[in-house]
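It should be emphasised that the depicted structure is a prediction, and the values quoted were computed from it without experimental measurement.
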Amino acid sequence: MTFSRSTSPSADVPPTSRPGPGRGSGRGSGRGPAGPLRPALRVLAMVACLPYIALKIAWVAGSRIGIPDGSGLLDHRVMLIVANGLSVLADAIVVLLALLLTRPWGLRVRAWLLVFPMWAATGLLAPIMAGYPAQLVVAAFGDADGGGGSGPAAEPFLDAWVFPVVYGGFIVQGLSLGTLFALYAHDRWSPVWAGRLGTPGSTGLAGLVGPRVRVAAVAGAVLAVGPAALHAAWAAGATVGLPARYLAEYHGDQAVVDLIRALFLGVAAVATLCLVTDRPAGRRVRTALAWAWVASGAAGCWGAYMTLVSVVSRVSSGPMDDAGKTPTTLMITTYAGEMITGFLLAGCLAAVLAARSRRLARGAAA
């Protein structure tokens, strides 16, 4: 599987005028009807982290469980330690988020302390949730050599059993943590994304953000074109900028990853432009917000991860190493562009949310 290869308002919004549990700013507000759903989802999210954390710790400690001879993971020990160490930290944060989203003290946490790690978690998990099932379909009906992310039969990347265990856990994490965050956000911030695009008044977006935010959104959309085009070209069979070893192991699995990353870049650009321009009229704000949130996180966080891993690989490569195994300058530039695009568009999204929060606060005070 090739995924491993390799802000929001600063203040809470006021309560709405509508009665009912779960409405309001969150400081002292309820969580809606009590029930077993949230505790069950919390336990599910935590348990789903265990196989991944255990494997990564074992690899950092020197174990080769699940890593066959000839795997590219064995080429650079430093890169393996850095990448897997960050992965363990990321999954540990998932455990903390599951607690924060379901405990009473979680409603008292400052918005930005929750929103940024949740945005990052969403961005890292969403492409896997979309990509791994698609890779299974490709393996079943298309590229048999790339099934399950194994690569060529002579030099598999990981043992076949690793992929369903790890990526199945990721999908469970994404579903459980995503549901918990949706429930939490509804309780605490639901007025912020109420209404439709192009609607005047307190729920509208028109005039909320200045020209600098709109220029930044346009710049992010333009910047997205380069990385998206390259990912799409690689998925279609182009070889420009890819090293020989990478090309030898490039099968249907990696093509799916490249295609999905191109799609997320495009969706992030379009959804963010919809929010900052308040168009097209009549579309739900929450729909555009959800797409911008997920897609900008996917672009920014996977771009950052791949940039770091690729740079470490280049730096740790010795003069006697095979150049065909090392990420090229074009690959690193593509990942960096993806990262910058995602974070720039996320900044525009944060500006929109902050502006709506301020408008709602002024309306409540009037």
Side-chain angles (χ1 to χ4, degrees), residues 7-33 35 37-38 100-102 106-116 118-119 121-123 126 177-210 213-214 217 267-297 345-366:
T7 164
S8 102
S10 58
D12 294 313
V13 299
T16 64
S17 58
R18 289 179 292 176
R23 300 286 183 181
S25 68
R27 293 192 184 278
S29 66
R31 285 187 177 272
L37 177 61
R38 298 188 206 212
L100 189 153
L101 293 172
T102 53
L107 287 170
R108 298 189 294 272
V109 172
R110 297 292 295 176
W112 66 271
L113 285 173
L114 166 65
V115 168
F116 179 76
M118 195 64 221
W119 173 79
T122 304
L177 197 65
T179 302
L180 286 174
F181 182 66
L183 293 170
Y184 177 101
H186 178 269
D187 291 345
R188 187 169 179 177
W189 298 305
S190 58
V192 176
W193 57 77
R196 297 178 181 271
L197 298 174
T199 303
S202 62
T203 60
L205 293 172
L208 284 182
V209 296
V213 176
R214 288 191 287 271
V267 169
V270 171
T272 305
L273 286 174
C274 288
L275 288 171
V276 301
T277 61
D278 203 23
R279 293 289 185 274
R283 300 292 184 182
R284 290 187 181 274
V285 172
R286 67 186 182 191
T287 302
L289 172 62
W291 282 114
W293 172 280
V294 173
S296 66
L345 294 176
C348 297
L349 173 61
V352 169
L353 292 173
R356 294 200 92 197
S357 181
R358 288 192 297 267
R359 172 179 281 187
L360 287 165
R362 289 195 300 267

Could you state the interatomic distance from [atom1] ([X]) to [atom2] ([Y]), rounded to the nearest 0.5 Å?
X      : Y      : atom1 : atom2 : answer
Leu273 : Asp278 : CG    : CG    : 12.5 Å
Leu353 : Arg358 : CG    : CZ    : 10.5 Å
Phe181 : Trp293 : CZ    : CH2   : 4.0 Å
Leu101 : Met118 : CG    : CE    : 6.0 Å
Thr199 : Arg283 : OG1   : CZ    : 13.0 Å
Tyr184 : Thr102 : OH    : OG1   : 10.5 Å

Nearest heavy-atom pair of [X] and [Y]: which atoms, and what distance?
X      : Y      : value
Ala185 : Trp193 : O-CH2, 3.2 Å
Cys274 : Leu197 : O-CD2, 4.0 Å
Leu345 : Ala217 : CD2-O, 3.8 Å
Ala292 : Leu349 : C-CD2, 4.1 Å

Practice problem: Please answer whether the main-chain N or O of Val192 pairs with a side-chain N or O of Arg356 as donor and acceptor at a distance below 3.5 Å. | Solution: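 Yes, Arg356 side chain to Val192 backbone: donor-acceptor pair under 3.5 Å.
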Quiz item: Does Val209 offer a backbone N or O that forms a donor-acceptor pair with the side chain of Arg214 under 3.5 Å?
Solution: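 The answer is yes, because a donor-acceptor pair under 3.5 Å joins these two groups.
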Quiz item: Is Leu183 close to Leu37 at the side-chain level, that is, under 4.5 Å between some pair of heavy atoms?
Solution: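 Yes. Closest side-chain heavy atoms under 4.5 Å.
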Exercise. Could you tell me whether the side chains of Trp189 and Ser357 share a donor-acceptor contact shorter than 3.5 Å?
Key: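 Trp189 vs Ser357: no donor-acceptor pair found between side chains.
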Quiz prompt | Audit row: Arg38, Leu180, side-chain contact (heavy atoms from CB on, under 4.5 Å) steps and yes/no | solution = CA-CA 7 Å; Arg38 298 188 206 212; Leu180 286 174; 4.0 Å; yes
